[in-house]
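Residues: numbered from 1 along the sequence shown.
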Amino acid sequence: MNPSFKLILCLIVSIMCAIHLTLWGNLAIITASILYLLWHKKSLKLLLYTLPAAIAVYFTGQSGLALATRIYAYLLMFAVAICNVSASTMVRSLNQNLHLPTSFCYGIASAVNILPILKSTYLEMQASAKMRGQKLHFYSPRLYLKMIIIANQIAGNLDIAMQSKEFTDDRSQIITVPVKISDYLLFTAILAVTSLMIWTT
């Protein structure tokens, strides 16, 4: 399915889940999402990351189980939305299919691509501090100051690169993300079945 269609579908289903609290609807979404991710051989480690939040919500009182499963329904839905979709494909789809501004879309892509650079820089600074007999904790203000300076330098270099390549909002797209008739049919079918599960349980 087209990446933009998957994202819109997840947003619509999320709104329906927020309006109508249903345990069986959440369980159905969770089961379908897990099967989809396993079919594409994706790891389910993300389920462990949100376990503390789900447990905390479970003990909030009435409808605790329905609220806890809703957290996993949201998480797994958006995991399915980005499954097997690269950041560049998602950005192109948002730009071409949803007509979001080019500068906005590629700004998001740039931010995503900067994250691995910042991670490697963080590890390099920690190693450098250890060589000098110092220890930089993740909450150290000096560490964050250096990271902010490096991020500003990367952003400045990116801006210069975009200007040198004559990057504009009205430039033609070489790589396109098409919308097929099957995308419309699949979108409608999944939305209809999911709506039925949510509103009738």
Side-chain angles (χ1 to χ4, degrees), residues 1-22 24-47 49-50 69-117 119 155 158-159 161-162 165-201:
M1 186 189 294
N2 183 278
S4 294
F5 278 46
K6 289 170 70 175
L7 188 60
I8 292 173
L9 181 62
C10 288
L11 290 173
I12 294 173
V13 175
S14 298
I15 293 171
M16 289 193 294
C17 288
I19 295 172
H20 184 69
L21 185 61
T22 166
W24 294 109
N26 293 340
L27 291 176
I29 292 171
I30 290 170
T31 303
S33 299
I34 288 176
L35 291 175
Y36 181 87
L37 293 173
L38 289 176
W39 183 49
H40 286 281
K41 299 179 181 179
K42 299 297 180 181
S43 174
L44 297 177
K45 289 182 180 178
L46 73 165
L47 297 177
Y49 300 149
T50 52
T69 54
R70 187 162 66 180
I71 292 175
Y72 280 112
Y74 287 156
L75 175 71
L76 290 168
M77 270 193 296
F78 286 97
V80 168
I82 62 175
C83 179
N84 293 334
V85 179
S86 64
S88 58
T89 302
M90 179 63 78
V91 164
R92 290 191 185 100
S93 179
L94 293 174
N95 178 228
Q96 298 171 21
N97 306 137
L98 299 185
H99 305 290
L100 294 181
T102 306
S103 54
F104 173 76
C105 293
Y106 282 88
I108 295 174
S110 301
V112 171
N113 292 328
I114 284 174
L115 290 177
I117 300 174
K119 182 180 179 181
L158 179 63
D159 183 51
M162 290 174 71
K165 293 292 184 179
E166 297 182 351
F167 185 90
T168 57
D169 280 346
D170 58 350
R171 67 181 297 176
S172 59
Q173 300 290 337
I174 299 175
I175 302 175
T176 59
V177 183
V179 178
K180 304 174 184 177
I181 297 177
S182 59
D183 293 332
Y184 288 101
L185 297 175
L186 193 57
F187 178 89
T188 305
I190 294 175
L191 183 59
V193 172
T194 308
S195 301
L196 188 64
M197 288 191 303
I198 293 174
W199 296 110
T200 58
T201 55

Sort out for me which residue in Leu94, Val91, Asn95 forms a side-chain contact (heavy atoms from CB on, under 4.5 Å) with Leu100.
Leu94
Side chains of Val80 and Cys10, heavy atoms from C-beta outward: is any pair under 4.5 Å?
no
Does Tyr36 have more than 12 heavy atoms from other residues, nucleotides or ligands lying within 6.0 Å of its OH?
yes
On a heavy-atom basis, which atom in Ser195 and which in Leu191 lie closest, and how many Å separate them?
OG-O, 2.6 Å
Given the rule in the side-chain contact (heavy atoms from CB on, under 4.5 Å) test, do Tyr72 and Thr50 qualify, once you have shown the distances and angles that lead to the verdict?
CA-CA 8 Å; Tyr72 280 112; Thr50 52; 3.2 Å; yes
Would you mind reporting whether Trp24 and Ile198 have side-chain heavy atoms less than 4.5 Å apart?
no
Kindly indicate whether the side chain of Val179, heavy atoms from C-beta on, has any atom under 4.5 Å from the side chain of Phe187.
no
Rounded to the nearest 0.5 angstrom, the CG-SG distance for Leu76 and Cys83 is 11.5 Å
Inter-residue atom distance Gln96.CD - Asn2.CG, 0.5 Å rounding
9.5 Å
With rounding to the nearest 0.5 angstrom, report the CZ to CD1 distance, Arg70 to Ile29.
11.0 Å
Quick check on Ile181: does its CD1 atom have over 12 non-hydrogen neighbours (other residues, nucleotides or ligands) under 6.0 Å away?
no
What's the spacing between Met90 CE and Asn97 CG if we round to 0.5 Å?
10.5 Å
For the OG atom of Ser93 and the NZ atom of Lys6, what is their distance to the nearest 0.5 Å?
10.0 Å
So CE of Met1 and CD1 of Ile8: to nearest 0.5 Å the spacing works out to 10.5 Å
Got Phe78 and Leu7 here, is their nearest side-chain heavy-atom distance under 4.5 Å?
yes
If I compare all heavy atoms of Asp183 with all of Pro178, which pair ends up nearest, and what's the gap?
OD2-O, 4.1 Å
Thr194 versus Ile190, closest heavy-atom pair with distance:
OG1-O, 2.7 Å
